[in-house]
2 protein chains.
Amino acid sequence: MLSKKTKYGIKALTYLARQENKTPVAIATISKSENISLKFLESILLTLRKNEILASKKGKGGGYYLLKEPSEIQMTAVMRVLEGPISMIPCVSLNFYEKCKDCPDENACAVHNLMEQVRDNTLKIFRNTTLSDLCKC
Amino acid sequence: MLSKKTKYGIKALTYLARQENKTPVAIATISKSENISLKFLESILLTLRKNEILASKKGKGGGYYLLKEPSEIQMTAVMRVLEGPISMIPCVSLNFYEKCKDCPDENACAVHNLMEQVRDNTLKIFRNTTLSDLCKC
DNA sequence: TAATACCCTATTTACTTGGTAGGGTATGCA
DNA sequence: TGCATACCCTACCAAGTAAATAGGGTATTA
């Protein structure tokens, strides 16, 4: 299940991507427009900044803005920063791999092979979708 | 993230599907073979029985067995019974739909449209995969 | 210098997961 | 009939996570 954190994060990113100019937008502005708890959104944007998807400007007239062009921000990056693994199970994860304790042979595991298929397909979608695609809705 | 419940359930189902004849298999047998906590597995198999994927026989020589042919058991059914929604977000779920509180217009929501794509692809995989496919690993 | 707005840590509440415990009940076989 | 087997059912618990809240600190700019 997608966390609210990721959901709010994506919404905030599309909000920023839709801005004409690249002047910073205050957290409170996004919070009101997208119906997101101010403090919760604050921590999400902070995470995105630490992971170099967003940048910020302090003080009066400050706020957050995109570090790259919307067309250069892939959903794989956003998902991994906010949600963590894209795979449904750690034993098929590319970036968050972990071996199953109960499973002696991954290649003989039905769950492993099924979830590998799901991962491949989901990955393909996230790779082929950028922030600019999401703004077209 | 896939729950252990679903993972164990699929493993148990493939174990049953691999049986030559359709004689009942005791929970303890599957538990040992697949390294699954006995009592936890018991509750999982019970769920599968209540949802008419498995049937059981009580008493000596009893156990669980498949109600249908492996090739007739789609992964969509298994996933919905054990994991719940296949979608990553309730607002795109076919069987567990729920409206987002913060979202005034679903069709204008970037998250909604992205997750709809993911759902379609995952659904396609689960629909085209039966228990007999999983046994081929 | 004062207002703005980001920055950071800590805490709370509610919920879910995974597992445990213990006994009840139906079945088959000697 | 009686006993062992093995499913059936309810309740409980520890640990972790999600989502939100609180409160203050710091940099910037007008």
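In what follows, chains carry the letters A, B, and so on, assigned in the order in which the sequence lines appear, proteins first and then strands, with residues in each chain numbered from 1.
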K.L.:
Under 3.5 Å, side chain of A:S33 to main-chain N/O of A:I30, donor-acceptor pair present?
P.N.:
no

K.L.:
Calculate, to the nearest 0.5 Å, the distance between atoms SG and CD1 belonging to A:C103 and A:I89 respectively.
P.N.:
8.0 Å

K.L.:
Just call it for A:I27: base, sugar-phosphate, or nothing, with non-hydrogen atoms closer than 4.0 Å on any strand.
P.N.:
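If one applies the 4.0 Å heavy-atom cut-off, A:I27 turns out to touch the sugar-phosphate alone, with no base involved.
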
K.L.:
Which letters describe nucleotides 23-30 of chain D, given B = protein heavy atom under 4.0 Å from base, S = only from sugar-phosphate, - = neither?
P.N.:
BB--BBS-

K.L.:
What is the separation between atom NZ on B:K50 and atom P on D:dC7, rounded to the nearest whole Å?
P.N.:
15 Å

K.L.:
To the nearest angstrom, how far is B:N51 atom CG from D:dC8 atom C1'?
P.N.:
16 Å

K.L.:
Calculate the interatomic distance between B:N35 atom CG and C:dG18 atom P; express it in whole Å.
P.N.:
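Whole-Å distance recorded here is 16 Å.
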
K.L.:
Does A:Y8 have a side-chain nitrogen or oxygen under 4.0 Å from the phosphate oxygens OP1 or OP2 of D:dA19?
P.N.:
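No, outside the criterion.
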
K.L.:
I need the CG-P distance between B:L46 and D:dA6, as an integer number of Å.
P.N.:
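Computing the B:L46:CG to D:dA6:P distance gives 17 Å.
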
K.L.:
Would you indicate, yes or no, if C:dG18 has its OP1 or OP2 atom less than 4.0 angstrom from a side-chain nitrogen or oxygen of B:S37?
P.N.:
no

K.L.:
Are B:M1 and A:L82 joined in one hydrophobic group, where the rule is that I, L, V, M, F, W and Y side chains link up if heavy atoms are under 4.5 Å apart?
P.N.:
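Result: no, two separate clusters.
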
K.L.:
Between C:dG18 atom C1' and B:E83 atom CD, what is the distance in whole Å?
P.N.:
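Rounded to whole Å, this separation is 13 Å.
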
K.L.:
Taking A:I44 as the starting point, is it possible to reach A:L38 by hopping between hydrophobic residues whose side chains are less than 4.5 Å apart?
P.N.:
yes

K.L.:
Starting at atom CG of B:L48, determine the distance to atom C1' of D:dC8, rounded to an integer number of angstrom.
P.N.:
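Checked: the CG to C1' distance equals 15 Å.
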
K.L.:
Tell me the closest heavy-atom pair linking A:L54 and A:Y64, and the distance in Å.
P.N.:
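Taking A:L54 first and A:Y64 second, the nearest heavy atoms are CD1-CD2, 4.1 Å.
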
K.L.:
Look at all strands and tell whether B:K7 reaches a base, only sugar-phosphate, or nothing, counting heavy atoms closer than 4.0 Å.
P.N.:
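No contact.
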
K.L.:
So, does A:R119 use its side chain to make a donor-acceptor pair with the main chain of A:V92 at under 3.5 Å?
P.N.:
yes

K.L.:
Between protein and nucleotides 12-17 of chain C, map the contacts as a letter string: B base, S sugar-phosphate only, - none, heavy atoms under 4.0 Å, written 5' to 3'.
P.N.:
------

K.L.:
Answer yes or no: does a side-chain N or O of A:R49 lie under 4.0 Å from OP1 or OP2 of C:dC8?
P.N.:
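True: A:R49 side-chain N/O within range (under 4.0 Å) of C:dC8 OP1/OP2.
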
K.L.:
Does the side chain of A:Y64 get closer than 4.0 angstrom to OP1 or OP2 of C:dA5 through an N or O atom?
P.N.:
no

K.L.:
Does A:E98 form a side chain to side chain donor-acceptor pair (under 3.5 Å) with A:S93? I'd like the steps, not just the answer.
P.N.:
CA-CA 8 Å; A:E98 235 171 280; A:S93 176; over 6 Å; no

K.L.:
Would you write out the dot-bracket form of DNA chain D, 5' to 3', with Watson-Crick and G-U pairs under 3.5 Å, [ ] for crossing pairs, | for pairs to other strands and . for unpaired bases?
P.N.:
||||||||||||||||||||||||||||||

K.L.:
If each of A:K5 and B:A28 is mapped to the nucleotide of DNA chain D with the nearest heavy atom, which maps nearer the 5' terminus, i.e. the 5' end?
P.N.:
B:A28

K.L.:
Spell out, as yes or no, whether a donor-acceptor pair under 3.5 Å connects the side chain of B:N113 to the backbone of B:A108.
P.N.:
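No; zero donor-acceptor contacts below 3.5 Å.
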
K.L.:
Can you tell me if A:T14 uses its side chain to pair, donor with acceptor, with the backbone of A:K11 under 3.5 Å?
P.N.:
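The answer is yes, because a donor-acceptor pair under 3.5 Å joins these two groups.
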
K.L.:
Please tell me if A:S56 has a side-chain N or O lying less than 4.0 Å from either OP1 or OP2 of C:dC7.
P.N.:
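Yes, because at least one side-chain N or O of A:S56 sits under 4.0 Å from OP1 or OP2 of C:dC7.
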
K.L.:
Between the main-chain N or O of B:S37 and the side-chain N or O of B:S31, is there a donor-acceptor pair closer than 3.5 Å?
P.N.:
no

K.L.:
In sequence, state the C-alpha distance, the side-chain angles, and the governing distance for B:K7 and A:D102, and then conclude on salt bridge (Lys or Arg N to Asp or Glu O under 4.0 Å).
P.N.:
CA-CA 11 Å; B:K7 183 188 171 192; A:D102 57 299; 2.8 Å; yes

K.L.:
Check whether A:D133 reaches the backbone of A:T130 with its side chain - one donor and one acceptor, N or O, closer than 3.5 Å.
P.N.:
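Judged by distance alone, yes, a pair lies under 3.5 Å.
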
K.L.:
Quick one: B:I36 CD1 to C:dT20 C1', roughly how many Å, whole number?
P.N.:
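Distance check: B:I36 CD1 to C:dT20 C1' gives 17 Å.
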
K.L.:
What is the distance from NZ of B:K101 to P of D:dA20, rounded to the nearest Å?
P.N.:
9 Å

